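Here the structure is a predicted model, which is why all the values come from computation and not from measurement. We name chains A, B, ... by the order of the sequence lines, and we start the count at 1 in each one.
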Amino acid sequence: MFRKLSLVYKNSLIINCINHLHISEFSGNNVVRYKVRLKCVKSTNDVHKSNNLRKRNVPLVKNLNENVLERTTTVMKRWEEEKKDEGVKWKFLEHKGPVFAPPYEPLPKSVKFKYNGKVVELSPEAEEVAGFYGKMLDHDYTTKDVFNKNFFKDWRKVMNEEERELITDLQKCDFNQMNAYYKEVSEKNKNRSKEEKKELKEKNEALIKEYGFCIIDGHKEKIGNFRLEPPGLFRGRGEHPKMGKLKKRLNAEDIIINCSQDSNIPKPPSGHKWKEVRHSNTVTWLASWTENVQNQVKYIMLNPSSKLKGEKDWQKYENARRLHKCINKIRDDYQKDWKSKEMKIRQRAVAMYFIDKLALRAGNEKDEDQADTVGCCSLRVEHIELHEKKDDKEYVVVFDFLGKDSIRYYNEVPVEKRVFKNLTLFMENKKGGDDLFDRLNTMILNKHLSDLMPNLTAKVFRTYNASWTLQQQLDKLTNEDDSEAEKILSYNRANRAVAILCNHQRSVPKGHEKSMEKLKEKIDSKRDAIKDAERQVKDAVREAKHGSVKEKFVADKKKKLLQRLKEQLAKLEIQETDRDENKTIALGTSKLNYLDPRISVAWCKKYDVPIEKIYNKTQRDKFRWAIDMAGPEYRF
DNA sequence: GCAGAGACTTGAGGGAAGCGGC
DNA sequence: GCCGCTTCCCTCAAGTCTCTGC
C-alpha cells in the first residue's frame, strides 16, 4: 500500500517525502488521507485540525518533523518486538525459482587436448572440467601448487577409467588449444554486431522480467541473484587450501525452494524435482543450496533496493545511532577495565579499545581448511610489535596481519600507556603463534557488549565509527562558498577518511600511471590555453577602449572564454587530486555498507549538491528510504 | 558453555556498459 | 562512428552473528 518508508504518529501513518507528508489517519475501519506540504505546517495540531492545509500559509515544519522523528525510536522498538515475537519476515512470497547455468557445450573437434605430446579425446565430463582449467591458464592461480593439486585431484574424479589410467601427471597436460579457443570466443563476443548485441540484450531483459522479480506481501520486488552459480574451479582468496577444487554443476535436485504455500510454486526443469519445497516465512531467502567445496549453504535473496532489505539497513544505522548515546559510558567502562584484576576482563577491555579506535573486525575463529586470516579476537602475538618509542611517538603498537579477503592490515598506532603495558603482559611467555587474547573470543565479547546495550555487537562499532567519521569530516571539510566540484572533492575526502579507517584497499587500477600522465598533459595544455586567452583578452580590452560596440562585444566574449577555461582547469586539477588520492583506496564498500545514507542525503540537500553526484542509480535505489526521509537538518 | 549450522552482511575483482574525445 | 578509459553492476567468497542441540 505504501512504498515510502513510514512512521507512526498517534493513530496516523506518516510518510515523509521530500516536499510532503502523506498522512493516513486510522479510525476504526476508516482511513482519512492527508497530503500536507511541509512548508505549511506549524505544529502537529495543524495536521489533525484540517485536511486543507495547503491553503494555509504558515511557514516552518520543524516542530512536526522533530516530533515525528523523536517517536521513531519508539516505533522501531515496537516493530522489532513485533517481528521478534513472531519471527515473521513475510506473509506472502511468490517467485519463479532460480535460473540454471546454461548446459555445457562440447568443444569443437578441432580443439585438441594433448597428454605427453599426444592428442587425447576426452569424455564430455572430463573435457568440461579441463576447460575450466584451460580458461584460467593465464591466471596466477595456475602457477600455485595448491590450486594445481586440488584441480588435478578433482579432475581425476570425473574422468572415466581409461582417462584416469592414462592421465596421471598434470605437468604433461597441454591445455593450450583450449585456452586459445576460449580467447577466440571471448574476442568474438566482444566484436558482436549491433544486431547481435541488441538480440542478446532483449533476451536478457526478458529473462530478468520473468525470473528477476518476486511478489512479497503485495509488492513486486527485485531479486538480487536469481541466477545459480555456474560450475567452475573454486577461487579462494589468499592462500586458501581449497583453491582449484571443482565447484559442481547444480541441478534442481540440489535446490531448496522457499515460497508461500498458497503461491504458484516454481516449476523445476522437466524431468527434475526440487530437493525440497519449503514455506518458511521466518527467513528471507527464496532458494538455497549447499555448495560442495566448503559445504556451505548459499542463498537466493532480494535485491538491496527491496523494502525488506531497506528496513534492515535502516535498523542497522538506528542501532549505530543508539551506540552514540552511550559510547562515552562504554569508553569510560573499558578504560576502567584496563586495570581489572581479572585477566579475562583486561583482555576484553583492550580488544574493545582496538575495535572502537581502529574499527577492527570481531575476528571469529577459523577452521584449518580456510585461509589464515585474523580479526581482533583472533590476533596472534606475531601480528603485533610493541615499541616504547617509534619515530618520536611513545607506546606504539605496530599491527601487521592479514584480515578479511587476505588484505594486509598494517598500522602503526600510538596507544595509551596502560594499553601498552597490558599488551606486554598478554604477550609474556608466549610464542608468535599463540593467541594474543587467550581468554577471549567473539562470543564472550559480544555477550558482554549486548549487556551494555541491546543489539550491540563488535560490528556495530564499525558502522558507528564510520558514520560518525563521515559526519565529522563533512562538517570540517565542507565550505559553503565552494564550487560544486570542490564540495564533491570534500565529500570524497570524507568518504576516503572512512575507507582508510576501515582498511578498504584496492589494487592500483590498470593503467593508472598512464591515465594520470594523460590528465597532467591535459592540465598543461589547458594552462597554455589560459595564457593564450589572457593575452587575447588584454589585446581585446585595449582595442575595445577606443573601439566600437563590436570590439566591446569581442572583448566580452574573450573574457567569458577565459573564465570558462579557468573553470575547466580547476575541475581538471580537482580530478587529478581526487584520482591520485584514490589510487589504492576503495570508496564503494564504506559508502554501501557503513555510512548512514541520511548523512550524505542531508549534506546534498544542505549544500545544494545533486544526489546523483554522490550516489549512482543502484545506490539511489538502495537508499531510497534515506533520500525520502532525511532533510538538510539530519545529524547522525 | 561449546560446536556446528544457518542466515545474513560485507568485500574485492572483473566483465559489461556507457561515455567523452577525436 | 570508433576507441579507450571510467564507472557500474554482478559475482561469489569471506566475514559476522544468532540459533539450536547436546
Side-chain angles (χ1 to χ4, degrees), chain A residues 84 87 89 101 139 186 189-192 194 197 200-201 204 208 212 224-230 232 234-238 240 242-243 247 256 258 280 282-285 288 290-291 293-304 308-309 312-313 316 355 361-367 370-371 373-378 402-407 441-447 449-450 455-463 466 499 502-507 509-512 514-516 518-519 522 575 579 582 584-594 615-619 621-622:
Chain A
K84 214 176 183 180
K89 304 270 170 42
H139 206 288
S186 159
N189 289 345
K190 269 185 206 158
N191 298 326
R192 273 194 268 248
K194 252 189 173 179
K197 277 182 189 169
L200 212 67
K201 202 178 168 191
N204 191 36
I208 295 173
N225 55 330
F226 61 89
R227 288 182 173 88
L228 292 174
E229 292 175 14
F234 177 76
R235 303 182 184 202
R237 296 178 195 148
H240 201 295
K242 290 193 172 179
M243 64 167 77
K247 252 176 69 170
I256 303 173
N258 193 33
S280 169
T282 56
V283 295
T284 64
W285 52 268
S288 74
T290 304
E291 59 91 34
V293 176
Q294 309 214 78
N295 214 26
Q296 280 172 351
V297 186
K298 294 213 163 191
Y299 303 94
I300 283 181
M301 285 190 184
L302 292 175
N303 188 274
L308 198 79
K309 295 278 184 190
K312 282 209 105 188
D313 219 25
K316 178 178 81 181
I355 283 168
R361 294 187 188 85
N364 284 314
E365 278 158 60
K366 295 185 78 180
D367 293 338
Q370 290 175 293
T373 62
V374 296
C376 185
C377 295
S378 49
L402 296 182
K404 183 178 175 181
D405 292 328
S406 295
I407 299 285
N441 63 32
T442 53
M443 235 161 43
I444 297 171
L445 178 72
N446 280 336
K447 173 75 197 55
L449 293 177
S450 72
N455 297 321
L456 183 62
T457 62
K459 193 165 79 90
V460 182
F461 280 88
R462 228 164 126 81
T463 314
C502 295
N503 199 38
H504 292 146
Q505 297 187 29
R506 65 167 182 175
S507 43
K510 272 179 205 162
H512 174 80
K514 206 175 141 196
S515 88
M516 285 303 283
K518 275 199 164 177
L519 199 55
K522 246 177 158 179
Q575 200 183 344
R579 195 180 290 173
N582 238 17
T584 55
I585 297 159
L587 300 186
T589 307
S590 49
K591 199 185 251 187
L592 231 48
N593 301 300
Y594 289 106
Y615 291 138
N616 65 37
K617 170 117 184 16
T618 319
Q619 292 163 341
D621 285 344
K622 173 171 175 172

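Each of B:dG14, B:dA7, B:dT10 was ranked by its minimum atom distance to the side chain of A:Val283; first place goes to B:dA7. For A:Lys366, counting side-chain heavy atoms from C-beta on, the closest listed nucleotide (C:dG15, C:dA13, B:dG6) is C:dG15. Side-chain proximity of A:Thr618 to C:dC8, B:dA12, C:dC17: nearest is C:dC8.
Using a 4.0 Å heavy-atom distance criterion, A:Glu291 is classed as making no nucleic acid contact. Within 4.0 Å (heavy atoms only), A:Thr442 reaches no atom of the nucleic acid at all. As judged by a 4.0 angstrom heavy-atom cut-off over every strand, A:Pro230 is placed among residues touching the sugar-phosphate backbone only. When heavy atoms are screened at a 4.0 angstrom cut-off, A:Phe234 is found touching the sugar-phosphate backbone but no base atom. A:Lys309 comes within contact range of the sugar-phosphate backbone alone, with a heavy-atom separation under 4.0 Å but no base atom that close. Backbone-only contact: A:Gly403 has heavy atoms under 4.0 Å from sugar-phosphate atoms and none from a base. Residue A:Lys247 is classed as a sugar-phosphate contact, given heavy-atom separations below 4.0 Å to backbone atoms only. When heavy atoms are screened at a 4.0 angstrom cut-off, A:Gly375 is found touching no nucleic acid atom at all. Within the 4.0 angstrom heavy-atom criterion, no nucleotide atom of any strand lies near A:Ala371. Residue contacts shown for A:Thr284 are limited to sugar-phosphate atoms, with no base heavy atom under 4.0 Å away.
Atom CZ in A:Arg462 sits about 11 Å away from atom P in C:dC17, given to the nearest Å. Per the geometry, CZ belonging to A:Arg361 stands 8 Å off P belonging to C:dG15, to the nearest Å. Atom NZ of A:Lys591 and atom P of B:dA12 are 15 Å apart (whole Å). Distance CD (A:Gln505) to C1' (B:dG13): 14 Å, rounded to an integer number of Å. To the nearest angstrom, P of B:dC8 lies 5 Å from CE of A:Met301. Distance CZ (A:Arg506) to C1' (C:dT6): 10 Å, rounded to an integer number of Å. Straight-line distance from the CG atom of A:Asn364 to the P atom of B:dC2: 14 Å, rounded to whole Å. Between A:Gln296 atom CD and C:dA14 atom P there is a gap of 8 Å when expressed in whole angstrom units.
The base of B:dT9 is not paired with the side chain of A:Lys459 by any donor and acceptor separated by under 3.5 Å.
Judged by distance alone, the side chains of A:Asn364 and A:Thr442 do bring a donor and an acceptor atom under 3.5 Å apart. Counted by atom type alone, A:Lys404 and A:Thr373 present zero donor-acceptor pairs between their side chains at under 3.5 Å.
With respect to the salt-bridge test (charged N to carboxylate O, under 4.0 angstrom), the residues A:Glu229 and A:Lys247 qualify. Between A:Lys309 and A:Asp313, no side-chain nitrogen of the basic residue sits less than 4.0 Å from a carboxylate oxygen of the acidic one, so the salt-bridge criterion is not met.
Contact annotation: A:Thr373 does not reach the phosphate of C:dA14 (side-chain N/O to OP1 or OP2, under 4.0 Å). Taking only side-chain nitrogens and oxygens, A:Thr589 never comes nearer than 4.0 Å to OP1 or OP2 of B:dT10. Residue A:Lys242 places none of its side-chain N or O atoms closer than 4.0 Å to OP1 or OP2 of C:dA13. Close to B:dG11, at under 4.0 Å from its OP1 or OP2, lies a side-chain N or O of A:His504. Under 4.0 angstrom from either OP1 or OP2 of B:dT9 there lies no side-chain N or O belonging to A:Tyr594. In terms of phosphate contacts, A:Lys89 brings a side-chain nitrogen or oxygen within less than 4.0 Å of OP1 or OP2 of B:dC8. Using a 4.0 Å cut-off, some side-chain N or O of A:Asn446 falls inside it from OP1 or OP2 of C:dC17.
Annotation: the span from A:Ile355 atom CD1 to A:Leu445 atom CG amounts to 5.0 Å, rounded to 0.5 Å.
Nucleotides of DNA chain C nearest to A:Asp405 and A:Lys617 differ in position, and the one nearer the 5' end is that of A:Lys617. In terms of position along DNA chain B, the nucleotide closest to A:Tyr299 lies nearer the 5' end than the nucleotide closest to the other residue of the pair A:Tyr299 and A:Lys197. When the nearest nucleotides of DNA chain C are assigned to A:Gly236 and A:Asn616 by heavy-atom distance, the more 5′-ward of the two goes with A:Asn616. Each of A:Glu365 and A:Ala586 was assigned the nucleotide of DNA chain B with the nearest heavy atom; the assignment lying further toward the 5' end belongs to A:Glu365.
The two residues A:Glu365 and A:Asn441 come nearest to each other via the heavy atoms OE2-CB, 3.5 Å.
Ring geometry, A:Trp285 versus A:Tyr299: the interplanar angle falls from 30° to 60°, so the pair is classed tilted.
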